[in-house]
J.: 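The following block contains the structure, expressed as structure tokens.
Fair warning: this is a prediction, and the values are worked out from it, not measured in the lab. What you see below is based on every heavy atom in this structure, not just the backbone, and it leaves out hydrogens, waters and symmetry mates.
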Amino acid sequence: QVNLVESGGGSVRAGASLRLSCAASGRTSSSNAMGWFRQAPGKEREFVAAITWSGKTTDYADSVKGRFSISRDNTKNTVYLQMNNLKPEDTAVYYCAARRANTVSRSSGDYDTWGQGTQVTVSS
């Protein structure tokens, strides 16, 4: 079983940057692709970004493309989400997720393990 712990959230002004981290522990060898999702109050959880084991393949939601960047350091069992030029509409709880398959997916149902989430609040 893989355990995921997110960190790096906070409250910032529009235009600022944050870097979220997702540290994996446990049977990390059983996890391949990783993803970030977010959920704003009263809204459905939505896909943000995903990355394969090697990092060679990534995918982004249109709403964050060009502003967010996903990366991973497998020596540290950690996945990152660099968020630049943050906007108030980026305010949400951000979740890290892992899936056993090594392909990126935008569907939350394709992910097997989830972290507890970290709050990101962006004020105008």
Side-chain angles (χ1 to χ4, degrees):
Q1 183 175 351
V2 176
N3 297 308
L4 303 175
V5 178
E6 302 95 335
S7 62
S11 295
V12 297
R13 300 291 294 271
S17 298
L18 282 174
R19 188 177 80 157
L20 304 184
S21 298
C22 172
S25 61
R27 297 186 62 181
T28 56
S29 60
S30 65
S31 293
N32 291 314
M34 301 284 291
W36 286 96
F37 289 76
R38 67 187 182 186
Q39 188 167 19
K43 294 188 177 181
E44 298 281 321
R45 188 172 297 190
E46 65 174 2
F47 169 76
V48 175
I51 188 169
T52 53
W53 174 258
S54 68
K56 290 182 179 179
T57 300
T58 58
D59 188 25
Y60 296 92
D62 289 344
S63 59
V64 306
K65 199 170 295 183
R67 300 188 297 122
F68 290 12
S69 178
I70 189 171
S71 61
R72 65 191 299 166
D73 184 342
N74 292 332
T75 66
K76 298 181 179 179
N77 292 327
T78 301
V79 176
Y80 304 98
L81 184 68
Q82 178 67 43
M83 306 186 295
N84 298 326
N85 190 23
L86 283 160
K87 302 176 180 180
E89 51 263 44
D90 294 319
T91 295
V93 177
Y94 283 71
Y95 297 91
C96 173
R99 64 182 308 220
R100 284 185 282 272
N102 193 26
T103 52
V104 295
S105 172
R106 297 188 173 196
S107 174
S108 60
D110 287 339
Y111 291 80
D112 309 292
T113 305
W114 293 81
Q116 293 299 307
T118 185
Q119 176 71 47
V120 172
T121 303
V122 185
S123 59
S124 58

J.: Could you give the distance from CZ (Arg99) to OG (Ser107), rounded to the nearest 0.5 Å?
T.: 8.5 Å
J.: Is the shortest side-chain N to carboxylate O distance from Lys65 to Asp62 below 4.0 Å?
T.: yes
J.: Could you measure the distance from the CD1 atom of Ile70 to the CD atom of Gln82? Nearest 0.5 Å is fine.
T.: 12.0 Å
J.: Can you name the residues that form a salt bridge (charged side-chain N to carboxylate O under 4.0 Å, His left out) with Lys76, not counting sequence neighbours?
T.: none
J.: Which residue pairs pass the disulfide bond (SG atoms under 2.5 Å apart) test when at least one of the two sits in residues 44-85, sequence neighbours left out?
T.: none
J.: Checking side-chain contact (heavy atoms from CB on, under 4.5 Å) for the pair Leu20/Glu6: CA distance, chi angles, key distance, verdict?
T.: CA-CA 7 Å; Leu20 304 184; Glu6 302 95 335; over 6 Å; no
J.: Restricting to pairs with a member in residues 62-123, which pass disulfide bond (SG atoms under 2.5 Å apart), not counting sequence neighbours?
T.: Cys22-Cys96
J.: Hey, any chance Leu86 and Trp36 share a hydrophobic cluster, counting ILVMFWY side chains that come within less than 4.5 Å of each other, even indirectly?
T.: yes
J.: Would you name the heavy atoms of Ala50 and Ser105 that are closest together and state the gap between them?
T.: CB-O, 4.1 Å
J.: Which value, rounded to the nearest 0.5 Å, describes the distance between Asp59 atom CG and Thr103 atom OG1?
T.: 11.0 Å
J.: For residues Ala33 and Asn102, report the shortest heavy-atom separation together with the two atoms involved.
T.: N-OD1, 3.8 Å
J.: Do Val48 and Met83 pass the side-chain contact (heavy atoms from CB on, under 4.5 Å) test, and can you show the C-alpha distance, the side-chain angles, and the key distance before you say yes or no?
T.: CA-CA 11 Å; Val48 175; Met83 306 186 295; over 6 Å; no
J.: For the CD atom on Glu46, are there more than 12 heavy atoms of other groups (residues, nucleotides or ligands in this structure) within a distance under 6.0 Å?
T.: yes
J.: Calculate, to the nearest 0.5 Å, the distance between atoms CG and CE belonging to Leu81 and Met34 respectively.
T.: 11.5 Å
J.: Mind listing the side-chain donor-acceptor pairs of residues 117-124 below 3.5 Å, one per line with the distance, residues two or more places apart or on another chain?
T.:
| from | atom 1 | to | atom 2 | distance (Å) |
| --- | --- | --- | --- | --- |
| Thr118 | OG1 | Gly9 | N | 3.2 |
| Gln119 | NE2 | Ala92 | O | 3.4 |
| Gln119 | NE2 | Thr121 | OG1 | 3.3 |
| Ser123 | OG | Val12 | O | 3.4 |

J.: How long is the straight-line distance from CD1 of Ile51 back to CG of Asn32, given to the nearest 0.5 Å?
T.: 12.5 Å
J.: Between Arg67 and Ser63, does a side-chain hydrogen bond (donor to acceptor under 3.5 Å, both in side chains) hold up when you go through it step by step?
T.: CA-CA 9 Å; Arg67 300 188 297 122; Ser63 59; 5.6 Å; no
J.: For the pair Asn3 (side chain) and Gly26 (backbone), establish whether a donor and an acceptor sit closer than 3.5 Å, ignoring hydrogens and angles.
T.: no
J.: Looking at Thr57 and Thr52, would you say the former's side chain and the latter's main chain have a donor-acceptor pair under 3.5 Å?
T.: no
J.: Pick from Asn77, Asp73, Thr78: which one makes a side-chain hydrogen bond (donor to acceptor under 3.5 Å, both in side chains) with Thr75?
T.: Asp73
J.: With a cutoff of under 4.5 Å between side-chain heavy atoms, which Ile, Leu, Val, Met, Phe, Trp and Tyr residues group with Tyr111?
T.: Phe37, Phe47, Val93, Tyr95, Trp114
J.: To the nearest 0.5 Å, what is the distance between CG (Leu18) and CG (Asn84)?
T.: 9.5 Å
J.: Applying ring-ring contact (aromatic ring centres under 6.0 Å, His included) as the test, list every pair that has at least one member in residues 58-85; sequence neighbours left out.
T.: none
